[in-house]
Visitor: 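Sharing a structure with you now.
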Amino acid sequence: MGKKSKTKNKRGGGAAPPSSDEKRPRDAAEPRDRAAAAADDDEETPRSVDEEEDSEAEEDTPPPRKRRRTTTAAARRPRGPPSGGHNTRADGTLRTRTVSKFYGVSYYRRRKNWRAQYTDHQGKQQCIGSFPTQEDAGYAYNAAIRQHGLASRRKMNKVDSAGRLIGKDPATTSRYYGVSCDRRFKKFKARYTDARGKLQTIGYYESQEDAARAFNRAILEHGLQSIRRMNEEDSFGRLVEKAGPRND
């Protein structure tokens, strides 16, 4: 009896063996269905031409940038009078330029005293100190030049037999505004400061009078007569020399 039952199963008379899908538990088939559903969702749906153009335009346009508020140096700088300029006081009057008669001496306008300084062996400016008069600053400059062994390399203020200082050679010091002596070319150079505060060279001249007249023409040509000092002329058209040093 046992042998007959086995032969019937081999010939197909019995029930078929379970398939591989049926052997898997039900929970194992769910991840496969989820992956198929996700693949269907990823498929692109057909879009119209207008929608494609709009999407391309959105991709091409960069995102808007946030503007940073920056304060420029001109905005931070306090504004002066309408006719302003670095050579103009708050009340609108022009400042007089203070020039020293001695080497190594300059006028310090903020503290209203005279400053002495010299150039050392390395070409750096060294401040000696501040003094009430330019003569005292000139003596201090001479002493510093001797102390640092620069008498053969730097100009010193000459002293007369009484021990008093002698001013600079007038041939190397201009008597007019906008004019300076160029020792290298042995000529007088005319320059002016433009509206932006930059120094502009006009040219070189044989006499300081010619350089002063060129300076006046440049000031008038660029419309700077209200903020820059010009060389005055008398009734005969001759140039008037600038005033001496003033403590203002």
Visitor: Side-chain heavy atoms under 4.5 angstrom apart, residues restricted to Ile, Leu, Val, Met, Phe, Trp, Tyr: same cluster for Tyr103 and Ile128?
Guide: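 Yes, Tyr103 and Ile128 fall within the same hydrophobic cluster.
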
Visitor: Roughly how far, to the nearest 0.5 Å, is the CD atom of Gln208 from the OG atom of Ser180?
Guide: 10.5 Å

Visitor: In plain terms, say whether Asp120 and Lys124 are close enough for a salt bridge, that is, a side-chain N and a carboxylate O under 4.0 Å apart.
Guide: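 A salt bridge is absent here (no side-chain N lies under 4.0 Å from a carboxylate O).
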
Visitor: Check whether any side-chain heavy atom of Arg154 sits under 4.5 Å from a side-chain heavy atom of Thr119, and report yes or no.
Guide: yes

Visitor: Using 0.5 Å steps for rounding, measure from the CZ atom of Arg228 to the OG1 atom of Thr193.
Guide: 5.5 Å

Visitor: Any ion pair linking Asp160 and Arg164 (charged N to carboxylate O, less than 4.0 Å)?
Guide: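 A salt bridge links Arg164 with Asp160.
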
Visitor: NZ of Lys155 to NZ of Lys158: how many Å apart, nearest 0.5 Å?
Guide: 8.0 Å

Visitor: Does any part of the side chain of Arg191, heavy atoms only, come nearer than 4.5 Å to the side chain of Gln200, both counted from C-beta?
Guide: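 Heavy-atom side-chain distance check fails, nothing below 4.5 Å.
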
Visitor: What is the distance from atom CG of Leu224 to atom OH of Tyr192, rounded to the nearest 0.5 Å?
Guide: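 That separation rounds to 7.0 Å.
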
Visitor: Return the set of residues passing side chain to side chain contact (heavy atoms under 4.5 Å, CB included) with Arg110 (not counting sequence neighbours), or none when no residue passes.
Guide: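 With sequence neighbours excluded, Arg110 shows a side chain to side chain contact (heavy atoms under 4.5 Å, CB included) to Tyr108, given in chain and number order.
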
Visitor: Among the clusters formed by ILVMFWY side chains lying less than 4.5 Å apart, do Ile166 and Tyr139 turn up in the same one?
Guide: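 No, Ile166 and Tyr139 fall in different hydrophobic clusters.
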
Visitor: Any chance you could measure Ser226, atom OG, to Met230, atom CE, to the nearest 0.5 Å?
Guide: 11.0 Å

Visitor: Given the rule in the side-chain contact (heavy atoms from CB on, under 4.5 Å) test, do Arg115 and Tyr107 qualify, once you have shown the distances and angles that lead to the verdict?
Guide: CA-CA 6 Å; Arg115 177 185 293 176; Tyr107 184 67; over 6 Å; no

Visitor: Looking only at heavy atoms, which two atoms of Ala190 and Tyr205 are closest? And how far apart?
Guide: CB-CE1, 3.9 Å

Visitor: I'd like to know whether Gln126 forms a side-chain contact (heavy atoms from CB on, under 4.5 Å) with Gln117, so could you lay out the CA-CA distance, the side-chain angles of the two residues, the decisive distance to 0.1 Å, and finally the verdict.
Guide: CA-CA 5 Å; Gln126 302 294 339; Gln117 56 187 8; over 6 Å; no

Visitor: For the residue pair Tyr141 and Met156, what are the closest heavy atoms and their distance?
Guide: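 Looking at all heavy atoms of both residues, the shortest contact is CE2-CA, 4.2 Å.
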
Visitor: Starting at CG of Asn231, measure out to CZ of Arg175 and round the result to the nearest 0.5 Å.
Guide: 11.0 Å

Visitor: Linking I/L/V/M/F/W/Y whenever any side-chain heavy atoms sit under 4.5 Å apart, do Ile219 and Val240 land together?
Guide: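 No, it is not one cluster - the side chains of Ile219 and Val240 are not joined through contacts under 4.5 Å.
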
Visitor: Do you know which two heavy atoms are closest between Gln134 and Trp114, and how far apart they sit?
Guide: N-CD1, 3.4 Å

Visitor: Applying side chain to side chain donor-acceptor pair (under 3.5 Å), can you list everything that pairs with Arg213, at least two apart in sequence or on another chain?
Guide: Glu233

Visitor: Can you pull the salt bridge (charged side-chain N to carboxylate O under 4.0 Å, His left out) pairs that have at least one residue in residues 128-147, sequence neighbours excluded?
Guide: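 Of all non-adjacent pairs touching residues 128-147, none passes salt bridge (charged side-chain N to carboxylate O under 4.0 Å, His left out).
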
Visitor: Can you get from Tyr176 to Tyr204 by hopping between Ile, Leu, Val, Met, Phe, Trp and Tyr side chains that sit under 4.5 Å apart?
Guide: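 Per the 4.5 Å side-chain linkage, Tyr176 and Tyr204 are not co-clustered.
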
